[in-house]
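This structure is a prediction, so every number in the text was calculated from the model and none was measured. Computed over heavy atoms, backbone and side chain alike; hydrogens, waters and symmetry mates excluded.
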Amino acid sequence: MSLDIVLMEITSELQQHPDTSHIRHLQALVAAIRPRHARDIAHATDNIRALCFVLQQHPVWRRALLQYLVQVLTSRKLLHLLTDTGITLNNGFWGAATQRLLSQCLPPLVNDDYVKDIFGQIFNKADDHVWINGVSDHVWMDLLANIGLRTVTARQTHHALSNEVLSAIQVLSYRITTIGLEAELVRNYPDIEKFESPFLRQNDEINDYVLRYRAWLNDRQLRRDDSLHIDVLLSQCDEIVSKIRKTAAANGVSVSLTRLLLRLTQSMSRLRKLLALLDAGQRDRISRTAIQLFKELVTAENRRHSLRDLIQTNTELLSLQVTERAGKSGEHYVTGNRGEWLGMFRSAMGAGFIVGFMAMIKVLMSKMALAPFGYAVLYSLNYSSGFMLVHVLHFTIATKQPAMTAALIARAIDQGKQKLDELADLIVAVFRSQLIAIIGNIALALPTAYAIAWAWYGITGSHLAPPEKAQHLLHDLDPFGSLALPHAAIAGVCLFVSGLISGYYDNKASYAHIPARLRQLPWLRKCLGEARLHAVTHYIGNNLGALAGNFFFGIMLGTIGQLGVFFGLPVDIRHITFSSANFAFALVGLEHQISWQLALYSLSGILLIGLVNLGVSFSLALLVALRSRRVSFGQGGTLLGLLWQRFRSDSRAFFLPPPDAVSPQQTDDDRHPSSDTRH
């Protein structure tokens with residue numbers, strides 16, 4: 001339907017029914033403006049300008065449209081649109097998620113008495129916010145100017161709308177006060193009980209402001225104060241929120257605290273916008289503020305039933321803390337000088353030695369006649385106990401590094417260390433540290449497994465991996481003739497998830513004060529004694545995340561393959577260190593009766609498995625770390641070019657650190673010693 005027809009119908013109906021306030025014409029008008037594709041901002045802009053031109057040419061249509069819009073707004077309650085739309089609900093994450101899922105199947109009842117309900121019917125396309133936000137404020141202001149702000153009942157309209165805004169301001173103020181008194185916030189900022197709380201004071205000031213403003217609406221001869229003093233109190237509330245976030249960064253964060261802070265900041269932001277709307281004074285400032293609020297409301301309404309948006313808004317702060325802790329652990333995975341580099345090599349060799357025995361145990365377990373569940377339990381115990389032992393002995397599994405170092409790079413970008421030279425230095429250091437860890441793992445895992453296989457043959461007279469099993473192990477290393485690379489990608493996902501689990505439990509140990517609570521157990525103090533109790537609980541506090549991450553990583557590696565067997569799916573895992581050990585078992589099992597081409601091909605498969613392991617886990621970890629910080633890095637192409645130049649001019653730096661190099665994180669570590677241990 002064209003703009004002319006819509007405006008003619010509005011004019012005609014108002015002549016017949018002067019009090020009409022249904023939204024059918026408003027829906028048609030928005031549909032006429034809406035572009036065919038939401039991202040076609042130019043088309044939407046042209047449509048709005050065309051509407052402005054039509055209104056200029058037909059004053060009767062302009063007056064009719066203004067009267068119609070005023071009646072649509074003033075005949076309904078505006079309060080809930082201003083206080084609820086775009087503000088996180090207080091029904092918990094799972095309750096909100098269930099509600100949004102159900103709303104996809106059974107939409108909620110629409111109450112025509114509320115602007116909040118009809119707002120979603122007017123802007124009923126999920127991508128309406130794209131073109132509405134894309135059109136510049138100047139174009140929207142031209143539209144408002146052409147519609148006009150003067151009606152026959154201008155004072156009555158202004159009075160009604162202003163009272164709705166004032167009521168919304170009071171509701172938001174009471175909400176801010178209530179959240180400011182929550183025990184969760186007081187727990188993280190106890191000083192709020194010692195001094196006069198700005199969360200309480202702002203409510204007193206808001207109530208006085210509303211009374212004075214309503215008195216001014218009834219008698220314009222009275223003096224009306226602005227809201228600058230309220231803004232000062234809201235700034236004090238912002239400072240407390242910032243302090244709580246800093247405390248949470250050190251002591252951990254919970255989902256409930258995340259929701260409270262999110263709801264609090266959203267309510268204060270909306271309160272500021274409504275106060276600015278009332279205090280704008282000049283017509284242009286009023287229009288600009290109203291347009292910004294309008295865009296925000298449309299965006300929130302379009303995303304009201306989005307489960308993805310709910311997850312993003314509720315987990316952003318929590319994921320930031322998880323990846324932040326992973327980033328701090330990642331500092332210990334970056335080597336700068338030769339001493340650190342050789343230390344990483346020795347640490348990785350120790351892990352390779354343990355993995356050789358873990359691979360032997362798994363081969364022996366595979367010979368048992370068990371159901372898939374039995375295999376899953378045994379394999380999980382083998383992997384989990386082995387990885388936890390690697391951590392306890394301060395050894396390094398190379399594939400555990402990417403989830404940590406990716407968070408470290410994301411933190412460097414977020415903190416403003418975006419000078420490409422500095423970032424390139426960090427990436428080069430990460431690359432050579434990762435490379436030497438892989439070499440260290442394989443350098444001892446392969447000969448250890450080789451020695452175990454020959455020792456087993458010498459003691460028992462039979463091969464640990466008979467020819468049939470050896471052929472199967474070699475086939476699993478075939479990068480193109482088997483599913484080795486997809487299975488390596490699955491292992492990479494497991495590595496990424498284990499990194500998140502590590503960060504989560506590190507956060508949990510701090511937030512829940514687990515070491516201190518353990519020290520309160522009388523029976524544990526009696527069993528260990530005071531000195532040993534403090535040592536054990538201190539170790540748990542510093543290493544709970546790493547131990548939990550390794551434990552669950554082992555469970556994932558041990559169960560995924562058996563789940564594939566149970567469900568008949570081609571699902572399994574491939575890990576570079578275990579693959580190198582399996583190659584040694586196969587080599588001994590076949591008594592070296594393989595061609596050099598097959599041996600080279602299998603070794604190539606091991607390297608490709610490692611690349612997929614590292615690439616998948618690093619990419620996922622970096623993506624989550626950047627998104628949790630709302631950071632995007634638009635200089636990727638320039639950075640890659642700089643790295644290529646570095647490689648051409650000094651390729652040695654990618655593999656061997658200079659003797660006098662300094663670790664990119666060494667300076668920070670000297671100033672802020674960390675209790676994390678390398679694992």
Side-chain angles (χ1 to χ4, degrees), residues 349 351-372 374-387 390 397 399 441-485 487-488 490-491 554 557-562 564-565 570-610 613:
M349 288 182 66
F353 179 76
I354 294 176
V355 168
F357 285 92
M358 292 171 63
M360 176 198 72
I361 294 172
K362 183 183 178 184
V363 171
L364 293 176
M365 288 177 174
S366 67
K367 296 181 179 181
M368 299 180 181
L370 298 173
Y375 285 123
V377 171
L378 292 180
Y379 291 167
S380 298
L381 288 174
N382 178 41
Y383 283 126
S384 296
S385 58
F387 289 140
V390 167
I397 296 287
T399 50
N441 282 164
I442 297 177
L444 207 56
L446 200 152
T448 298
Y450 186 84
I452 289 173
W454 275 118
W456 184 273
Y457 179 71
I459 294 172
T460 65
S462 60
H463 285 293
L464 181 64
E468 183 178 351
K469 178 67 174 178
Q471 292 289 352
H472 177 72
L473 293 176
L474 287 178
H475 175 72
D476 287 343
L477 302 179
D478 188 339
F480 306 112
S482 71
L483 295 176
L485 298 186
H487 291 165
I490 295 175
L557 294 189
T559 56
I560 286 179
Q562 299 310 309
V565 173
V571 177
D572 206 341
I573 59 98
R574 294 289 179 270
H575 189 278
I576 179 174
T577 312
F578 286 91
S579 296
S580 61
N582 289 338
F583 173 74
F585 292 152
L587 193 63
V588 174
L590 295 174
E591 298 185 354
H592 305 93
Q593 299 301 311
I594 63 173
S595 64
W596 67 268
Q597 294 92 340
L598 178 58
L600 184 61
Y601 186 64
S602 299
L603 291 174
S604 301
I606 293 173
L607 293 178
L608 289 175
I609 288 171
N613 287 159

Q | Interatomic distance, Leu607 atom CG to Ile576 atom CD1 [nearest 0.5 angstrom] | A | 6.0 Å
(Q) To the closest 0.5 Å, what do you measure between CG (Leu557) and CE (Met358)? (A) 8.5 Å
(Q) Using every non-hydrogen atom in the two residues, find where Gly356 and Thr448 come nearest and quote the distance to one decimal. (A) CA-CG2, 4.1 Å
**Q.** Backbone of Thr577 reached by a side-chain donor or acceptor of Ser580 within 3.5 Å
**A.** yes
Q) Less than 4.5 Å apart, any side-chain heavy atom of Trp454 and any of Leu464? A) no
Q: For the pair His487 (side chain) and Pro570 (backbone), establish whether a donor and an acceptor sit closer than 3.5 Å, ignoring hydrogens and angles.
A: yes
(Q) I'd like to check Leu364 versus Ile361 (side-chain heavy atoms, cut-off strictly below 4.5 Å). Are they in contact? (A) no
Q) What do the steps show when you test Leu587 against Ile594 for side-chain contact (heavy atoms from CB on, under 4.5 Å), and what is the final call? A) CA-CA 8 Å; Leu587 193 63; Ile594 63 173; 3.5 Å; yes
Q: Could you pull out the closest heavy-atom pair between Ala376 and Thr559, with the gap in Å?
A: CB-CG2, 4.0 Å
Q: List the steps, then state whether side-chain contact (heavy atoms from CB on, under 4.5 Å) holds for Ile573 with Tyr383.
A: CA-CA 12 Å; Ile573 59 98; Tyr383 283 126; 4.1 Å; yes
Q. Is the backbone of Ala484 close enough, under 3.5 Å, to the side chain of Asp572 for a donor and an acceptor to pair up by distance?
A. no
Q. Under the ring-ring contact (aromatic ring centres under 6.0 Å, His included) criterion, do Tyr601 and His475 qualify, and how do the steps go?
A. CA-CA 11 Å; Tyr601 186 64; His475 175 72; over 10 Å; no
Q. Does Asn382 reach the side chain of Lys362, with side-chain heavy atoms less than 4.5 Å apart?
A. yes
Q. Between the main-chain N or O of Ser602 and the side-chain N or O of Asp478, is there a donor-acceptor pair closer than 3.5 Å?
A. no
(Q) Is it the case that atom CD in Gln597 sees more than 12 heavy atoms from other parts of the structure closer than 6.0 Å? (A) yes
Q | Side chains of Val571 and Ile490 in contact at under 4.5 Å (non-hydrogen atoms) | A | yes
Q. Do Tyr379 and Gln562 touch side chain to side chain, with heavy atoms closer than 4.5 Å?
A. yes
Q) How many angstroms lie between CG in Leu477 and OG in Ser482, if you round to the nearest 0.5 Å? A) 7.5 Å
Q. Is there a side-chain contact between Asn582 and His472 (heavy atoms, below 4.5 Å)?
A. no
Q: Carefully, step by step, assess Phe585 and Met360 under the rule side-chain contact (heavy atoms from CB on, under 4.5 Å).
A: CA-CA 8 Å; Phe585 292 152; Met360 176 198 72; 4.0 Å; yes
Q) What are the two closest non-hydrogen atoms of His463 and Lys367, and how far apart are they? A) O-NZ, 3.9 Å
Q: Rounded to the nearest 0.5 Å, what's the gap from CD1 on Ile606 to CG on Asp476? Could you check?
A: 11.5 Å
Q) Atom CG of Leu446 and atom CG of Leu603: how far apart are they, to the nearest 0.5 Å? A) 7.5 Å
Q | Plane angle bin for Phe387 and Phe578 - parallel if under 30°, tilted between 30 and 60°, otherwise perpendicular | A | perpendicular
(Q) Quick check: do Ser366 and Lys469 have side-chain heavy atoms less than 4.5 Å from each other? (A) yes
Q: For residues Leu370 and Leu378, determine if any side-chain heavy atom of one lies less than 4.5 Å from a side-chain heavy atom of the other.
A: yes
